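Take a look at the structure set out below.
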Amino acid sequence: MATRPGPLTEWPWHRLGNFKYVVMAPVVAHGARRVMRNGWGDLDIAFSLILPSLLLRMIHNQIWISLSRYQTARSKHRIVDRGIEFDQVDRERGWDDQILFNGLVFYAGYLAMPSVRRMPVWRTDGAVVTALVHTGPVEFLYYWFHRALHHHFLYSRYHSHHHASIVTEPITSVIHPFAEHVVYFILFAIPILSTIYLGNVSAMGIVGYIAYIDFMNNMGHCNFELVPEWIFQIFPPLKYLIYTPSFHSLHHTQFRTNYSLFMPFYDYIYNTMDKSSDELYESSLKGTEETPDLVHLTHMTNLQSAYHLRIGIASIASKPYSDSAWYMWTLWPLAWLSMVLAWIYGSSAFVVERIKLNKMKMQTWAIPRYNFQYGLTWEREPINDLIEKAILDADMKGVKVISLGLLNQAKQLNGNGELFRQKYPKLGVRIVDGSGLATAVVLKSIPSDAKKVFLRTGTSKIARAIAMALCSRGVQVIMNEKEVYHMLKSQIPENRASYLKLSSDNVPQLWIVDNTDDNEQKMAPKGTIFIPISQFPLKKLRKDCTYMSTPAMRIPEEMKNIHSCENWLPRRVMSAWHIAGILHALEGWNMHECGDEMMDVEKSWSAAIRHGFLPLTKA
């Protein structure tokens, strides 16, 4: 929203939310009526292209979003070295509004101008007219309109909404108040109306011109330089006819320079080109190599989780993951296809996120595999190979710590990472499974006045550490699995072993669980508090019970470039396993935390609090 919103700021369908696509219902109804009356042959090419062109534009824009986020996370060619936060993602959520608006106006034009119904597929002379009219009147009028928008009256009421994004993404290009978009549409309609008037309009000419606008808009708002220098060396005048991401980035950081649309020659003519444009372009192309201090190694969970990655769909990634949302199921076919492609061609981990905490640099890498694949016996060795390759790549790059997230540290897969430590005893990078901090978070979430807890877990080292700590406090730990009970009891000092009890009666209302099925949850007494020790959340089956978060903490305000949620966790909340790797790097701890090795629980907790991480709940 602009600093002082003016009239026609909001889109007409703003209150419809995710149901805004119903505004295209008249177009669908019109097409369906014609097909039912006269068959598919009654649809002319002009009408037939309205809806498919909108879908293609959305796909085109999403490709740019994913490409840009992937490149800014890994590329050395970043232009502005600052982060993006949730407020920008929320502000830019409606990037498809202008596509819907264009579709409605094209439909209205189709009804109002019968001549367009007979347009051919292609006219070369029409394409030439479109190019000339855009280069002349459109670029000229846009330049002066843009300068007018920077007058304080219009800027405060309209254009400041766009400039709230200092670090731009491709979709930033179309984030404007409704009134601005009306003017932009009028400007971009000039070449199309010119060809209609001259009688050389064509369907592909219109589609091609709109694709050109989308391409240039998206490219110019990327926060990494991608226009190669050689094209300007081959044809030097091109620098006046095509802008670069670094050229337009200066407009967002300096505000009073580089006003041109796509062709900078008007900035040269009217002396508004930023004097550092060429220097920034060259330095961005050259780039600066950056080695992260920490790499957190994660993976996709279920099929739709690919969209929840930072490089996926921005609006979905900015919310805690939930596969119950109705629109997630509409994406299932593409999710299935992406899984197959990742399975076949995914030969290494890929960068999905770049974070900074003061001077410390972090990246998140993802193994191109899903939860169900980790459970396949024949997939264990290939997955371990992918994890091993990621560890060796991090080691070669000089990364200090690599933390293993989700199932990448599963005991049955690689012994909590011990497989790699033993295979490569001279590793420079420290392997961290985060068990120490995860244990601390669980213990701190147990009410201080608790006298009894029900422990329903396996024999993981986190479960062992929790049982031993609670028994040492004098808290009675009740279990109902004989094998796990005897294993834990053998590891607890004799003077505290009496606090460990095997029983199925008088089960308390405080449950510490790893994975629990529906039947076990139904057996829990009313008002039970479930505290998970797993990285995966429990299914919330009971409305009369309380379900705590998986072990996690709130991150400090100093942590930047956080604009996606870590799986199912709330905004600006990070899993204990991820935070443990950060603490390992910040503190300079030299030990591996893998296999049976675990960081001291109190030491891990104290370090987390000291560095600004906060508990989600107070015990």
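Keep in mind the model is a prediction, meaning the values are calculated, not measured.
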Would you please test F188 and L261 for side chain to side chain contact (heavy atoms under 4.5 Å, CB included) and show each step?
-> CA-CA 11 Å; F188 295 138; L261 178 55; 3.6 Å; yes
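- W95 is listed as a side-chain neighbour of I65, based on a closest heavy-atom distance under 4.5 Å.
- Looking at S283, its side chain does come within 3.5 Å of a backbone N or O of E279 through a donor-acceptor pair.
- When all heavy atoms of A73 and V352 are compared, the closest pair comes out as CB-C, 4.2 Å.
- Heavy-atom neighbours of R4 CZ from other residues, nucleotides or ligands within 6.0 Å: at or below the threshold of 12.
- A ring-centre distance under 6.0 Å is not found for H150 and F255.
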Evaluate the criterion side-chain hydrogen bond (donor to acceptor under 3.5 Å, both in side chains) for residue pair N371 and N302; output intermediate values, then yes/no.
-> CA-CA 6 Å; N371 273 5; N302 63 13; over 6 Å; no
List the steps and the verdict of side chain to side chain contact (heavy atoms under 4.5 Å, CB included) for I210 and D214.
-> CA-CA 6 Å; I210 295 171; D214 285 344; 4.1 Å; yes
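- Under the 30°/60° scheme for interplanar angles, the aromatic rings of F536 and W568 are found to be tilted.
- For R82, the CZ atom sits in a loose shell: 12 or fewer heavy atoms of surrounding residues, nucleotides or ligands are nearer than 6.0 Å.
- Two residues are said to be in side-chain contact when any heavy atoms from C-beta on lie closer than 4.5 Å; I190 and L141 meet this criterion.
- Aromatic pair Y70/F350: ring centres not closer than 6.0 Å.
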Could you give me the CA-CA distance, side-chain angles and deciding distance for T364 and H578, then say whether side chain to side chain contact (heavy atoms under 4.5 Å, CB included) is met?
-> CA-CA 9 Å; T364 299; H578 195 164; 3.8 Å; yes
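- Side-chain atoms of S202 come within 3.5 Å of backbone N or O of G205 as a donor-acceptor pair.
- Aromatic rings of F178 and W11 (six-membered ring for Trp) have centroids within the 6.0 Å cut-off, being under it.
- Counting only distance, with no hydrogens or angles, the side chain of H221 and the backbone of T172 share no donor-acceptor pair below 3.5 Å.
- To the nearest 0.5 Å, atom OG of residue S48 and atom CH2 of residue W40 are 8.5 Å apart.
- E92 has its side chain within reach of S165: a pair of non-hydrogen atoms, C-beta onward, lies under 4.5 Å apart.
- R93 places a side-chain N or O within donor-acceptor distance of the main-chain N or O of S315, the cut-off being under 3.5 Å.
- A side-chain donor-acceptor contact under 3.5 Å links Q62 to the backbone of G312.
- Residues M273 and T257 come closest through the heavy atom pair C-CB, 4.5 Å.
- Between R91 atom CZ and Q88 atom CD the span is 5.5 Å, to the nearest 0.5 Å.
- Residues R310 and N561 meet the side-chain proximity criterion, which asks for heavy atoms closer than 4.5 Å.
- Distance alone, capped at 3.5 Å, places no donor-acceptor pair between the H146 side chain and the Y142 backbone.
- Taking CZ of F235 as the start and CH2 of W230 as the end, the distance is 13.5 Å to the nearest 0.5 Å.
- Classification of E290 and K361 as a salt-bridged pair fails, no side-chain N sitting under 4.0 Å from a carboxylate O.
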Would you sort out whether C565 and Y321 count as a side chain to side chain contact (heavy atoms under 4.5 Å, CB included), showing the intermediate values?
-> CA-CA 8 Å; C565 293; Y321 176 72; over 6 Å; no
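- Considering every non-hydrogen atom in both L43 and G31, the closest pair reads CD2-O, 4.3 Å.
- Within a 6.0 Å radius of CH2 in W343, other residues, nucleotides and ligands contribute more than 12 heavy atoms.
- Of the possible donor and acceptor atoms, one in the side chain of Y281 sits under 3.5 Å from a partner among the backbone N and O of E229.
- Checking side-chain atoms of S66 against main-chain N and O of I63 turns up no donor-acceptor pair under 3.5 Å.
- Residues S53 and L49 come closest through the heavy atom pair OG-O, 2.7 Å.
- Nearest heavy atoms, A349 versus I367: CB-CD1, 3.9 Å.
- Crowding of Y270 atom OH: a count of heavy atoms from other residues, nucleotides or ligands under 6.0 Å exceeding 12.
- Residues Q71 and L226 fail the side-chain proximity criterion, which asks for heavy atoms closer than 4.5 Å.
- A distance of 11.0 Å separates OG of S284 from CG of D81, quoted to the nearest 0.5 Å.
- Considering only heavy atoms from C-beta on, N102 comes within 4.5 Å of R57 through its side chain.
- Between P26 and V22, the shortest heavy-atom distance links the atoms CD-O, 4.2 Å.
- Atom NE2 of H134 and atom OH of Y212 lie 4.0 Å apart (nearest 0.5 Å).
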Criterion side-chain hydrogen bond (donor to acceptor under 3.5 Å, both in side chains) on T272 and Y143, from CA distance to verdict = CA-CA 10 Å; T272 53; Y143 174 85; 2.8 Å; yes
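- Within 6.0 Å of the NZ atom in K286, the count of heavy atoms belonging to other residues, nucleotides or ligands does not exceed 12.
- In this structure, S249 OG and H252 NE2 are separated by 8.0 Å, a value rounded to the nearest 0.5 Å.
- A salt bridge between D44 and R117 is absent, with no side-chain N of the basic residue lying under 4.0 Å from a carboxylate O of the acidic one.
- Shown are K20, H181, H176, H14; of these, the side-chain hydrogen bond (donor to acceptor under 3.5 Å, both in side chains) with D97 is made only by K20.
- Judged purely by atom type and a 3.5 angstrom limit, H299 has no side-chain atom pairing as donor or acceptor with the backbone of Y370.
- Aromatic rings from F47 and Y110 are positioned such that their centres are separated by under 6.0 Å.
- The shortest side-chain heavy-atom distance between D274 and L280 does not fall under the 4.5 Å cut-off.
- With hydrogens and angles ignored, the 3.5 Å screen pairs a side-chain donor or acceptor of R157 with a backbone N or O of F153.
- Side chain to side chain, S246 and E225 meet the donor-acceptor criterion of an N or O pair below 3.5 Å.
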Can F262 and F247 be said to form a ring-ring contact (aromatic ring centres under 6.0 Å, His included), step by step?
-> CA-CA 10 Å; F262 308 140; F247 179 92; over 10 Å; no
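- Two rings, from W13 and Y21, have their centers 6.0 Å or more apart.
- In this structure, H159 and H251 have tilted ring planes: the angle between them lies in the 30° to 60° band.
- Looking only at atom types and distance, the side chain of T301 has no donor-acceptor partner in the side chain of N567 under 3.5 Å away.
- Contact check for V573 versus E566: no side-chain heavy atoms found under the 4.5 Å cut-off.
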